[in-house]
Amino acid sequence: MSTARVESRAGKPLKEAEYMRIRRRYAVIFAVAAAGALAVAGIAVAATTSTFSFKFSPSTAPKTTFKAGGLFTDLETHYTNPGNNVPGGAVERTQIFLDKNFKINPNAAAKCASSKLSGKTMKQAMAACGNALVGTGTATATANGLFEIHGCVLLFNGPLKNNHPTLNVFTRVQASNPSNITCTNPANNSQGNATILLTGELKPATSPYGKVLDVNHITQAASFPLEVFKTTIKKGNYISARCNAADKTWRMKTTWTYNNNKSATVSKTQPCTVG
């Protein structure tokens with residue numbers, strides 16, 4: 001069998017053994033490069049992702065004056081490797097930006113301090129702060145991927161913090177497998193075996209937003225990564241809206257900051273009608 005003549009850069013022929021060593025060396029280099037590319041691709045695929053949607057009802061509102069209504073929001077986060085101690089495996093902060101044509105009236109309900117809610121059941125929380133209730137909902141968390149934890153959310157109007165209104169986000173969960181809990185009739189509901197209590201501070205925001213509900217230090221309060229929060233705020237004129245934008249559109253966005261300091265933002269819109 002004949003062997004092709006191979007020359008070095010100097011034009012001199014290479015011995016066959018030397019030629020094979022060079023081939024093996026380049027094969028190793030290409031293999032390492034390919035492995036690196038696959039690793040980077042894997043990281044991109046494995047990134048934590050979050051989604052957001054909202055709906056204000058009714059969608060018909062006056063142009064200049066505010067009309068009371070209800071605000072539904074759905075925040076969801078999906079992890080490939082969940083865990084409070086895993087970088088990127090948990091949400092640390094959530095900032096929900098409200099359209100400047102939405103208005104929050106903290107005087108529409110009583111105010112309840114978080115100390116009255118800590119460690120309480122839904123029944124106990126309602127007995128202590130029922131007059132401050134401004135919203136309800138459901139939530140899920142992940143037991144670091146082992147099983148899904150289900151919970152019930154109660155939103156209570158809170159006292160001022162840094163001269164800003166606050167919202168106490170009370171979540172009662174069943175942190176065992178199977179995680180079964182119903183959220184009906186919270187005033188007489190003692191289900192669940194753990195309580196997560198978060199506080200959102202309602203801060204000023206720049207146009208086209210008016211306020212941002214800033215919920216920080218989530219992993220300090222929640223032992224497991226939070227996945228889904230679906231809530232509706234509705235209590236008299238606690239939240240109201242007008243259809244004042246030139247394009248008759250309401251705007252909201254949510255920014256999530258994960259426990260690796262990376263963040264993601266999702267913006268959404270809803271058309272409104274003047275009436």
Using side-chain heavy atoms (C-beta onward) and a distance below 4.5 Å, is [X] in contact with [Y]?
| X | Y | value |
| --- | --- | --- |
| T77 | L226 | no |
| V91 | Y79 | yes |
| F52 | T265 | no |
| V134 | L155 | yes |
| L197 | V169 | no |
| S50 | T254 | no |
| R251 | F97 | no |
| P87 | K262 | no |

I'd like to know if the side chain of [X] and the backbone of [Y] have a donor-acceptor N/O pair within less than 3.5 Å.
| X | Y | answer |
| --- | --- | --- |
| W250 | L98 | no |
| S179 | Q174 | yes |
| Q191 | T182 | yes |
| T195 | K120 | yes |
| R172 | M122 | no |
| N157 | A108 | no |
| D99 | N101 | yes |

- Item | Smallest separation among heavy atoms of T48 and Y258, with atom names | CG2-CE2, 3.7 Å
- Nearest heavy-atom approach of P159 to A113 is CD-CA, 4.1 Å
- Message: Would you call the rings of F54 and F102 parallel, tilted or perpendicular, taking 30° and 60° as the class edges?
- Response: perpendicular
Within the supplied structure, the quantity of interest is the number of heavy atoms (other residues, nucleotides, ligands) at a distance under 6.0 Å from [X] [atom1]; does it exceed 12?
| X | atom1 | result |
| --- | --- | --- |
| N85 | CG | no |
| K63 | NZ | yes |
| N216 | CG | yes |

- Message: Taking side-chain contact (heavy atoms from CB on, under 4.5 Å) as the criterion, tell me which of T199, L154, N168 meets it with L117.
- Response: N168
How far does [atom1] of [X] sit from [atom2] of [Y], to the nearest 0.5 angstrom?
| X | Y | atom1 | atom2 | result |
| --- | --- | --- | --- | --- |
| K123 | N185 | NZ | CG | 9.5 Å |
| Y209 | I96 | OH | CD1 | 12.5 Å |
| L160 | T166 | CG | OG1 | 7.0 Å |
| I239 | K234 | CD1 | NZ | 10.5 Å |
| C243 | F56 | SG | CZ | 11.0 Å |
| N177 | I149 | CG | CD1 | 9.0 Å |

- Return the set of residues passing side chain to side chain contact (heavy atoms under 4.5 Å, CB included) with A90 (not counting sequence neighbours), or none when no residue passes. N84, T219, P225, N259
Verify whether one side chain among [X] and [Y] offers a donor that lies under 3.5 Å from an acceptor in the other.
| X | Y | value |
| --- | --- | --- |
| K100 | S207 | yes |
| T73 | T231 | yes |
| Q270 | S59 | no |

- Task: Not counting sequence neighbours, list each pair that qualifies as a salt bridge (Lys or Arg N to Asp or Glu O under 4.0 Å) and has a residue in residues 205-229.
- Result: R93-D214, K203-D214
